[in-house]
Structure formats: C-alpha cells, structure tokens
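Side-chain atoms are counted along with the backbone in the values below, which use heavy atoms only and exclude waters and symmetry mates. Fair warning: this is a prediction, and the values are worked out from it, not measured in the lab.
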Amino acid sequence: MAKHKAMRPTWEGHLRLSLVTCPVSLYTATERTADIHFNLINPKTNNRIRMQSVDAGTGEPVERADLVRGFAVSKNRYVLFEKDELDAVRLDSTRILDIEEFVDASEIDRIYWDEPYYLGPSGKTGIEAYAVIRAAMEKQKKVALGRVVMHQRERICALEPRDKGILLTTLRTHDEIRATSEVFDRSLPKPSAQMLQIAEKIIEQQDAKFDPTRFTDRYEDALRELIAKKKKGEPVVSTQPVEEDEKVVDLMEALKKSLKGGGGPSREKADRFLEAHGRSKAKPKAKAKTKTRRKTASRKRAA
C-alpha cells in the first residue's frame with residue numbers, strides 16, 4: 001500500500017460485512033487536475049479579475065461572511081437558514097461502510113452508475129478480513145451494495161473486485177433519473193428493410209474492440225499545443241483547409257455513401273489545428289492496409 005502515501009484519501013472508515021470489519025480508505029479513481037483552466041485577466045493591467053458578491057436588488061457589494069443560505073419558495077421569496085439550523089439535520093458520518101446485500105452487476109442499469117473510487121485496506125490491521133471479503137465477492141461473481149456518508153450526504157454504492165483491490169462506485173438514486181418519456185415522447189417510423197440492411201453493414205465495417213487509449217480530448221490537446229506556442233512567443237496561424245462538405249438530403253443516398261466510406265462529417269476545428277501543427281494521428285485506412293499486408297505475408301509463409 002506504499003503507493004497510497006502520495007494520494008490523499010477522500011474518506012476513511014471501516015468496511016463491515018455482518019460481524020466482519022476492516023479499516024479502509026477511499027481514493028478517487030479518476031483525475032481532473034490535468035484539465036486546463038483559464039483565469040479572467042484584465043489585458044490593460046495583466047491582473048486577475050476578482051469576483052465580487054453583489055446584492056441583486058441594491059447593486060451594493062456584500063461580504064461573503066455575512067451571507068446565509070436561502071431556499072426559493074416563490075418568485076423573489078426565500079426561506080432563510082442559519083448554519084446551525086442546517087447542521088442540525090446533516091448526516092454525521094459513522095465511518096462505517098455497511099454491506100447490505102449482494103446482486104449481479106448486470107442487474108444494475110448503467111444509468112445508475114456514478115463516480116468511481118478505489119477502496120483499499122488502511123494499514124496492516126484487518127487486511128486479512130479485507131482479502132476475505134474481496135475474494136468471496138470475486139468467487140461468487142457478485143457486486144456488494146452498501147451506504148456511505150461522504151461530504152454530509154449519504155450515498156448508495158456498489159463494491160466489486162478490481163485487480164488486487166475493490167472498486168467502489170457511487171450510484172444515483174431512482175429520483176435522480178429522469179423518465180425517458182420526457183425526451184422520447186414520439187413514435188419512431190419503421191425503417192425500410194433495405195435501409196436497415198445498409199446501416200447494419202456500416203456497423204459491421206466499423207466493428208472494433210474498445211480501447212480507451214484511442215480516445216483523447218482533442219480540444220485539450222489543441223489547447224496545450226496552443227499554450228506551448230504562446231509561451232515560446234511563436235505565431236499561431238489558424239489554418240482551415242478547404243474540405244468538400246456535400247449536403248446529402250436523401251437518407252438512402254447518405255447511407256450508400258457512408259457504406260462506401262465517403263460523405264463523412266467535416267472535421268472539428270481542434271483536429272484541423274493539430275494537423276496543421278504536425279500533431280495529426282495515423283489514419284484508420286493506413287492501419288487497415290497494414291493488417292492486409294500482414295495477412296498476405298502470413299498466407300505466403302503458410303504456402
């Protein structure tokens with residue numbers, strides 16, 4: 001557990017299964033510190049802009065220390081709460097993560113999955129109990145459901161074995177999920193057999209195995225390239241190569257063109273920027289040719 005020393009736990013407590021308990025620590029499984037954040041700057045002075053709290057009615061500035069929380073009950077009418085009133089109803093963390101039941105992962109609709117965390121043993125005490133709970137879940141191929149209080153809010157969570165530890169994912173509640181009828185409120189037309197057949201062939205052509213390393217934030221990459229050039233004082237030229245972007249009105253024609261590999265959507269500005277500055281990636285077609293050459297070579301060797 002030496003790796004965890006560099007990481008600050010989000011929550012610390014005990015994992016409990018019936019009468020078996022063990023000390024655990026919770027760590028965020030994702031990282032957003034690498035995201036690019038901008039500050040608002042006054043270009044005349046090169047100073048940052050400081051945000052100020054202003055009364056919407058009088059326009060006068062107000063100190064943040066003098067503000068209280070309010071809940072809107074009607075237009076321009078609020079119920080005000082003091083800090084001690086809100087503290088009286090907040091959930092105090094018991095520092096116990098109780099496992100209540102076990103379910104199959106397939107039974108949890110993907111829309112309910114929320115934030116992922118790593119749940120690791122805290123210190124050497126109780127590490128055997130942690131290992132037993134994890135191994136039992138792995139053998140039974142089950143996901144544990146429990147509750148944990150984080151940031152004064154009780155969260156339902158799912159625990160499952162991952163690598164040498166446990167992955168804890170907070171779950172959204174049923175009340176948080178909007179009904180599909182709010183969006184999908186119309187009947188869809190039945191597609192023709194020919195159109196459906198072409199669409200299925202396009203899906204077959206683009207069939208692949210999921211590789212998360214292939215998907216990057218192209219906008220962030222372009223921003224980093226832009227920032228690097230600005231730091232060096234290099235001129236930034238916005239190049240937008242002319243592209244043929246034919247408007248296809250007929251759906252059947254669009255499907256047929258897609259099947260042939262033509263008529264694709266125009267590239268994003270971030271893609272064009274990266275390509276113009278020598279950061280473009282290898283085209284998928286080149287990979288396909290490489291695969292074909294390998295297959296041909298293997299056939300010759302077999303012959």
Side-chain angles (χ1 to χ4, degrees), residues 4-14 23-98 111-120 122 146-158 167-179 182 217-228 230-231 270:
H4 287 168
K5 289 182 179 178
M7 297 176 64
R8 188 175 179 180
T10 301
W11 179 91
E12 290 181 295
H14 285 77
V24 290
S25 297
L26 201 62
Y27 303 86
T28 53
T30 57
E31 192 171 14
R32 304 294 297 179
T33 55
D35 288 357
I36 295 174
H37 299 282
F38 291 102
N39 295 305
L40 289 176
I41 306 295
N42 182 354
K44 295 179 180 178
T45 62
N46 208 35
N47 295 327
R48 285 182 59 179
I49 298 300
R50 186 178 63 186
M51 296 301 177
Q52 200 172 28
S53 299
V54 178
D55 189 299
T58 65
E60 295 294 325
V62 184
E63 292 293 330
R64 293 189 66 87
D66 298 331
L67 302 179
V68 297
R69 294 183 182 274
F71 181 83
V73 291
S74 61
K75 187 176 181 180
N76 296 328
R77 184 164 172 255
Y78 303 89
V79 176
L80 305 184
F81 295 92
E82 297 293 336
K83 184 179 180 300
D84 58 346
E85 292 176 321
L86 294 174
D87 288 344
V89 297
R90 76 176 183 181
L91 289 171
D92 290 324
S93 175
T94 59
R95 296 294 171 185
I96 297 291
L97 200 170
D98 261 319
I111 200 169
Y112 289 100
W113 296 93
D114 193 12
E115 293 288 333
Y117 295 85
Y118 293 137
L119 185 71
S122 182
R147 298 171 190 268
V148 61
V149 177
M150 295 170 56
H151 312 300
Q152 302 176 15
R153 182 186 174 190
E154 186 177 58
R155 301 300 303 267
I156 300 169
C157 55
L167 177 69
L168 180 149
T169 307
T170 55
L171 300 178
R172 300 181 180 93
T173 62
H174 181 70
D175 293 338
E176 293 179 83
I177 308 301
R178 289 180 173 176
E182 293 183 26
D217 192 328
R218 295 170 295 177
Y219 177 62
E220 289 269 329
D221 290 343
L223 277 179
R224 293 182 198 286
E225 187 72 17
L226 178 61
I227 291 169
K230 294 283 283 186
K231 283 174 68 177

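Scanning both residues, Leu80 and Gly70, for their nearest heavy atoms gives CD2-CA, 4.1 Å. Contact between Thr10 and Met150 at its shortest, heavy atoms only, is CG2-CE, 4.0 Å. Taking every heavy atom of both residues into account, Ile111 and Arg172 meet most closely at O-NH1, 2.9 Å.
Taking a 6.0 Å sphere around CG of Leu40, one finds it holds 12 or fewer heavy atoms contributed by other residues, nucleotides or ligands. Counting non-hydrogen atoms of other residues, nucleotides and ligands closer than 6.0 Å to CG of Asn46 gives a total of 12 or fewer. Around atom CD of Glu176, more than 12 heavy atoms belonging to other residues, nucleotides or ligands sit under 6.0 Å away.
Note that the CZ atom of Arg224 and the CD1 atom of Ile36 stand 4.0 Å from one another [nearest 0.5 Å]. The distance from atom OH of Tyr112 to atom OG1 of Thr173, rounded to the nearest 0.5 Å, is 8.5 Å. To the nearest 0.5 Å, the span separating CD on Glu63 from CD on Gln52 amounts to 8.5 Å. Atoms CG and OH, on Leu167 and Tyr118 in that order, are 7.0 Å from each other to the nearest 0.5 Å. With rounding to the nearest 0.5 Å, the separation of OG1 in Thr30 from CD in Glu115 is 5.5 Å. The distance from atom CE of Met7 to atom CG of Leu26, rounded to the nearest 0.5 Å, is 9.5 Å.
For the side-chain contact (heavy atoms from CB on, under 4.5 Å) test with Arg155, the passing option among Val149, Leu171, Thr170, Thr169 is Thr170; the others fail.
No donor-acceptor pair closer than 3.5 Å links the side chain of Arg95 to the backbone N or O of His14. Without hydrogens or angle criteria, Glu82 side chain to Val68 main chain gives no donor-acceptor distance under 3.5 Å.
Between Val54 and Glu60, every side-chain heavy-atom pair lies at or beyond the 4.5 Å cut-off. Looking at heavy atoms from C-beta onward, Leu223 lies in side-chain contact with Phe38 at the 4.5 angstrom threshold. You'll find the side chain of Cys157 stays beyond 4.5 Å of the side chain of Leu119, heavy atoms only.
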>> Run the side chain to side chain contact (heavy atoms under 4.5 Å, CB included) test on Val24 and Glu12 for me, step by step, so that the C-alpha distance in whole Å, both residues' side-chain angles and the decisive distance to 0.1 Å come before the verdict.
In response: CA-CA 6 Å; Val24 290; Glu12 290 181 295; over 6 Å; no

